[in-house]
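Only heavy atoms go into these numbers, but all of them, side chains included; no hydrogens, no water, no symmetry mates. These numbers come from a predicted model, not from an experiment.
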Amino acid sequence: MSAKKVVLLFLKVVVLISLIVTTCVSVKPSNRAKCLNTIKEVNRKGPYIGLITVFPPEERAFFATQAFKPHPTHPFVDLAGRRFRVGKINGKKVIYVRCGVGMVNGAAATQQMVDFFDVNGIVHFGIAGNVNNSMYIGDVSIPQQFAHTGLWDWLNPNATLDPSYVAHLDLNSYNVPKSWDGSNLLGRLGYNSEQFFSESGTPNTAQPLLWAQVSNHWLQVAANLEGMALEQCVNSSLCLKEKPKLVVGLRGSTANIFVDNAAYRAFLFQTFQVSSVDMESSAVVMTSLSNGLPVIVIRGLSDIAGRQSGPNDIQIFGSLAARNAAEAVVQFIKKL
């Protein structure tokens with residue numbers, strides 16, 4: 001090997017090591033080394049179940065169950081701004097992280113979990129909007145599949161729809177009044193399927209994917225949770241009219257969109273037959289499946305996604321939905 005090739009190889013190794021080390025967030029190299037050593041020590045006690053939630057109210061609900069018991073010597077590791085907490089739930093080893101809102105955060109935190117820690121599956125949980133009129137606020141949904149419904153082309157009104165679109169939304173159909181015969185300059189949306197890469201597939205070759213399937217054997221475990229008691233009251237003076245229920249096997253929709261619009265809510269339900277809408281689940285599921293790991297999603301329904309006449313109910317019932325989802329997570333882990 002020539003001297004030039006040796007130098008280039010050395011530089012590549014240095015760059016790779018640098019990328020790995022700087023993921024442990026710290027300015028001092030000595031602290032980075034300590035961080036990586038901590039991860040090594042944590043992984044010696046693995047494997048773990050990876051737990052991923054989204055934002056602070058969900059995290060508070062999770063810790064309020066008091067089921068999570070931190071590791072006595074390595075309670076957490078900080079990576080790229082996120083805190084990965086190490087511990088147990090009912091004797092089962094878990095690593096928990098709050099990813100942050102949106103699909104990029106969901107995918108990034110999941111890949112960090114997979115790359116750095118010895119995990120044998122991912123449990124994703126939090127709250128979601130309800131777009132199914134047979135479901136109610138406070139219910140918990142454990143869907144069997146998710147679609148990324150935010151991957152669309154924004155087309156001109158007279159554009160031809162590509163046969164590859166999995167669905168389309170004609171904005172002209174929502175003109176008011178209906179009798180108006182002018183065109184809507186916002187045109188139409190053509191919905192695309194995802195590009196799915198998997199370790200079990202051909203390298204560097206994506207497959208089209210509309211529905212990301214949650215792991216079937218974990219869904220079978222989750223089916224045992226149906227009928228579990230869920231909280232009905234936010235506090236002593238505010239309770240839901242309907243007793244919340246847990247349902248396994250519906251469909252979920254994910255996009256970087258907070259849905260609070262009755263017309264779009266109806267479109268999603270009628271077109272994709274989804275029951276819940278959120279901003280992370282599809283990303284977490286696809287990332288887990290890409291890495292060959294089992295994954296399941298547990299979401300408490302916090303609002304009706306725009307069907308209400310006033311302000312969104314998430315501000316009132318979000319905490320209740322988060323508590324019900326967190327309790328379902330604890331019960332699921334018990335049964336694994």
Side-chain angles (χ1 to χ4, degrees), residues 51-68 89-90 96 98 101 123-144 219 221-254 257-266 268-269 274-281 296-335:
L51 306 179
I52 301 176
T53 193
V54 180
F55 75 137
E58 297 163 341
E59 182 170 81
R60 288 194 292 270
F62 172 64
F63 288 133
T65 66
Q66 299 185 344
F68 178 80
I89 293 179
N90 295 300
Y96 161 85
R98 170 164 52 89
V101 174
V123 178
H124 177 50
F125 65 100
I127 62 176
N130 170 30
V131 298
N132 182 342
N133 291 339
S134 68
M135 300 286 284
Y136 299 93
I137 290 175
D139 289 351
V140 172
S141 178
I142 305 181
Q144 65 174 325
L219 276 180
V221 175
N224 296 314
L225 300 179
E226 291 186 325
M228 70 172 284
L230 298 170
E231 290 191 36
Q232 190 171 350
C233 297
V234 176
N235 51 46
S236 58
S237 60
L238 179 60
C239 294
L240 297 167
K241 294 180 180 179
E242 301 286 339
K243 186 177 180 180
K245 60 185 178 296
L246 185 146
V247 180
V248 177
L250 300 175
R251 284 178 166 180
S253 158
T254 301
I257 303 166
F258 180 82
V259 178
D260 192 22
N261 179 276
Y264 193 60
R265 174 188 192 270
L268 288 173
F269 178 74
V274 294
S275 294
S276 59
V277 289
D278 67 69
M279 300 172 65
E280 300 81 23
S281 293
I296 197 166
V297 176
I298 300 174
R299 290 274 184 166
L301 303 183
S302 59
D303 60 272
I304 52 176
R307 187 167 176 255
Q308 77 283 348
S309 58
N312 191 286
D313 293 314
I314 191 173
Q315 301 300 330
I316 301 173
F317 296 108
S319 60
L320 172 64
R323 293 200 301 272
N324 282 345
E327 187 55 43
V329 169
V330 172
Q331 296 305 316
F332 173 76
I333 291 173
K334 277 184 181 180
K335 294 184 180 296

Euclidean distance, [Y] [atom2] relative to [X] [atom1], rounded to 0.5 Å:
X: Thr65; Y: Arg323; atom1: OG1; atom2: CZ; result: 12.0 Å
X: Leu51; Y: Glu59; atom1: CG; atom2: CD; result: 11.5 Å
X: Asn324; Y: Ser302; atom1: CG; atom2: OG; result: 11.5 Å
X: Ile298; Y: Ser281; atom1: CD1; atom2: OG; result: 10.5 Å

Closest approach of [X] and [Y], non-hydrogen atoms and distance?
X: Leu246; Y: Ala222; answer: CD2-O, 4.4 Å
X: Leu301; Y: Ser276; answer: CD2-CB, 4.0 Å
X: Ala262; Y: Gly306; answer: CB-O, 3.5 Å
X: Ile314; Y: Asp303; answer: N-CB, 3.8 Å
X: Ser134; Y: Asn132; answer: OG-OD1, 2.7 Å
X: Ser275; Y: Leu250; answer: OG-CD1, 3.6 Å

The test is side chain to side chain contact (heavy atoms under 4.5 Å, CB included); show your working for Leu225 and Val248 and say whether it passes. CA-CA 9 Å; Leu225 300 179; Val248 177; 5.8 Å; no
Below 4.5 Å, heavy atoms only, C-beta onward: do [X] and [Y] meet side chain to side chain?
X: Met228; Y: Val140; answer: no
X: Phe332; Y: Ile142; answer: no
X: Tyr136; Y: Lys243; answer: no
X: Pro56; Y: Arg98; answer: yes
X: Asn90; Y: Ile333; answer: no
X: Phe62; Y: Phe125; answer: yes
X: Phe317; Y: Leu238; answer: yes
X: Asn133; Y: Arg265; answer: yes

Would Phe63 and Tyr96 count as a close aromatic pair, with their ring centres under 6.0 Å?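 Yes: the rings meet the under 6.0 Å criterion.
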Run the numbers on Val101 and Phe258 for side chain to side chain contact (heavy atoms under 4.5 Å, CB included), then give the verdict. CA-CA 10 Å; Val101 174; Phe258 180 82; over 6 Å; no
Using only heavy-atom distances, determine whether the side chains of Gln331 and Asn224 contain a donor-acceptor pair under 3.5 Å.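 No, no side-chain donor-acceptor pair sits under 3.5 Å.
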Does one side chain, of Asn130 or Arg299, offer a donor that lies under 3.5 Å from an acceptor on the other?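 Note: Asn130 and Arg299 side chains miss the donor-acceptor criterion.
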Would you find a donor on one side and an acceptor on the other, under 3.5 Å apart, between the side chain of [X] and the backbone of [Y]?
X: Gln66; Y: Ala64; value: no
X: Glu58; Y: Ile127; value: yes
X: His124; Y: Ile52; value: yes
X: Gln144; Y: Leu219; value: no
X: Asp139; Y: Lys245; value: yes

Before giving the answer on side chain to side chain contact (heavy atoms under 4.5 Å, CB included), spell out for Asp260 and Gln308 the whole-Å C-alpha distance, their side-chain angles and the decisive distance to 0.1 Å. CA-CA 9 Å; Asp260 192 22; Gln308 77 283 348; 2.9 Å; yes
